[in-house]
Protein chains: 2
Amino acid sequence: MTCVTTAAADPADEPAAPPPAEGEGAGEKPRRARGEQTRLLILETALRLFRERGYTETTMRAIAKEAGVAVGNAYYYFDSKEHLIQGFYDRNQLAHRVASEPVLANEKDFAARLRGVLHAGIDVNEPYHSFAATFFKSAAEPSSPLSPFSRESSPAREAAIAIFRDVVEGSSAKVDPELRKELPELLWLSWMGVVLFWVYDRSPDQRRTRRLIDGIVPLADRLVGLSRLRVLRPALRQVLALIDTIRRD
Amino acid sequence: MTCVTTAAADPADEPAAPPPAEGEGAGEKPRRARGEQTRLLILETALRLFRERGYTETTMRAIAKEAGVAVGNAYYYFDSKEHLIQGFYDRNQLAHRVASEPVLANEKDFAARLRGVLHAGIDVNEPYHSFAATFFKSAAEPSSPLSPFSRESSPAREAAIAIFRDVVEGSSAKVDPELRKELPELLWLSWMGVVLFWVYDRSPDQRRTRRLIDGIVPLADRLVGLSRLRVLRPALRQVLALIDTIRRD
DNA sequence: GTCAACAGTTGAACGTGTTCAAGAAGGGCT
DNA sequence: AGCCCTTCTTGAACACGTTCAACTGTTGAC
């Protein structure tokens, strides 16, 4: 009961649950949703506190208290404190997609598309910069499910690569066909590099990251254009062969 | 007194301290070294336990107990558990230098020099792979003193870059003069990338990392050679300009 | 010799993430 | 109704990294 009332009182701004049309004790709502509701309540509370106080400063006890549940309850739904971040992960991934939509719909030039997507990614993440830097260490641990290369992150990763596939395929750029296949993943990898840079970027408003993007995009554009040059054919082949070698276990 | 007897009773296998020729109260040894001795004892014990049990599995209490001191004493010499890793850092840096010496002394070819240095780096770190993966997360946090980009790591970083400067300057390769200045740092950055890959590498004996090196070296060699090509001049300029932009705050 | 200053050392205590045995709350049977 | 089974919830308890006020031994000045 406590849970229900608290959940109703909580102004969760993104209700992924069915419309909570609750009268009093009217038990018409699907009972199965109870668990999911608590899960969401805990997640929302956690992310809010992370944003407000930072990751390390937010204790599991504080999350539980604020959500009106016992601390053990949070561990019933999330394996660890770090696992709470996966929610943040997924949500921002989606936001990146949405924010990229306009430029992907209206722009045909490869460089412009890429630039738009990269800046959109930073835009979306900007509010979380300080907290992202703290939680980033979790993502860096190879065994962590939060690692961008981990199996658990696979869906989010694929979704991210899909954005860059869109960048390539919707563009008017003429790309070497062999490179074209690999390009989305390479661009995603570059994006990871940009994020890495961004996390470390202490300049006001992360201006250096913006400049990095503005510098890297025409460079990538030029390299992609150059990819069809005859002199560079062997080098390109070498790169593609290396990628292939690395990929197969 | 407790400390002295306990320390003496402890079979520290790596005594970097002067010969402990203690009769009774024979106070001939430099009193100042007392602190340094304890510090070293704690560090050695910690690194040994890290190697034996792994980083997270080794508790500060275990380190203190094994070293025969109180847990608070470890914190007198090291600000945190993470700071103990800095010792590991410095030591392996030196080992990398030493392991690179032969190839740097005998080889003139750029690719061979680079390849030798990279493989030497992996050789040196290989025994610590499992533990490095765990402690890597500490290094990933931007605010951490362990970050390779942090101020505290500056000496180790400079030393590492110096190795790659040696790679470039001692080689017979003809390099674009503008690129030559930046190349050591770029190579170090690539090395960081290789290390990142290595940390994530779960293949037996980290064979994929070895293959990555073998693939990346001829590629870098070719690119460096290409750097003097006229067609690529603007692209190179663009890269150098970008680096310059990024570097100044 | 006395005393003050100081580096070195101690272990109890704090707050943290996490675990776990115990219990509550229904839902589906007879 | 009574009963069992699953899902959910609880909060005390654990081990950990870290802090801190108190203590010890040594040095140097008078």
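Order of the sequence lines sets the chain letters (A, B, ...), proteins ahead of strands, with each chain counted from 1.
Phosphate contact (OP1/OP2 of D:dT9, side-chain N/O of A:Tyr76, threshold under 4.0 Å): absent. Phosphate proximity of D:dC8 to A:Thr38: absent, as no side-chain N or O sits under 4.0 Å from OP1 or OP2. Distances shorter than 4.0 Å separate none of the side-chain N or O atoms of B:Asn73 from OP1 or OP2 on C:dG8. The phosphate of C:dG15 has neither OP1 nor OP2 within less than 4.0 Å of any side-chain N or O from A:Thr59.
Across all strands, A:Phe78 comes closer than 4.0 Å to no nucleic acid atom at all (heavy-atom distances). In this structure, B:Thr56 reaches neither bases nor backbone, as no heavy-atom distance under 4.0 Å exists between it and the strands shown.
With C:dG17, D:dT18, D:dC8 as the choices, the nucleotide that has an atom nearest any side-chain atom of A:Tyr77 turns out to be D:dC8. The nucleotide whose nearest atom lies closest to any side-chain atom of A:Val71 is, among C:dG11, D:dG17, D:dG11, D:dG11. Closest to the A:Ala70 side chain, of the nucleotides D:dT18, D:dG11, D:dC8, is D:dG11. The A:Ser80 side chain lies nearest to C:dT18 when the options are D:dC16, C:dT18, D:dT9.
Closest non-hydrogen pair, B:Phe78 versus B:His83, comes out as CD2-O, 4.1 Å.
For the pair A:Gln37 CD and D:dT9 C1', the computed distance is 15 Å after rounding to whole Å. Going from atom CZ of B:Arg39 over to atom P of C:dA7 covers 15 Å, rounded to whole Å. When the C1' atom of D:dT10 is taken as reference, atom CD1 of A:Ile42 falls 12 Å away, rounded to whole Å. Atoms NZ (A:Lys81) and C1' (C:dT18) sit 12 Å apart, rounded to a whole Å. Here C:dT18 presents its P atom at 15 Å from CD of B:Glu57, a figure rounded to the nearest Å. If you take CD1 of A:Ile63 and P of C:dG15, they are 18 Å apart, rounded to a whole angstrom. With rounding to whole Å, A:Leu41 atom CG is found 14 Å from D:dC8 atom P. Remark: P of C:dG8 and OH of B:Tyr75 are 19 Å apart, rounded to the nearest angstrom.
Of the possible donor and acceptor atoms, none in the side chain of A:His96 sits under 3.5 Å from a partner among the backbone N and O of A:Ile122.
In this structure, A:Trp191 and A:Phe164 have tilted ring planes: the angle between them lies in the 30° to 60° band.
Here the side chains of A:Glu185 and A:Arg165 are not in contact, with every heavy-atom distance at 4.5 Å or above.
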Task: Residues B:His119, B:Asp214; criterion side-chain hydrogen bond (donor to acceptor under 3.5 Å, both in side chains); working and verdict - done: CA-CA 9 Å; B:His119 277 295; B:Asp214 291 340; 2.8 Å; yes
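Across the interface with DNA chain C, nearest-nucleotide mapping of A:Gly72 and A:Met60 shows A:Met60 to be the residue nearer the 5′ end.
Side-chain atoms of A:Arg61 come within donor-acceptor range of the base of C:dG17, with a qualifying N/O pair under 3.5 Å.
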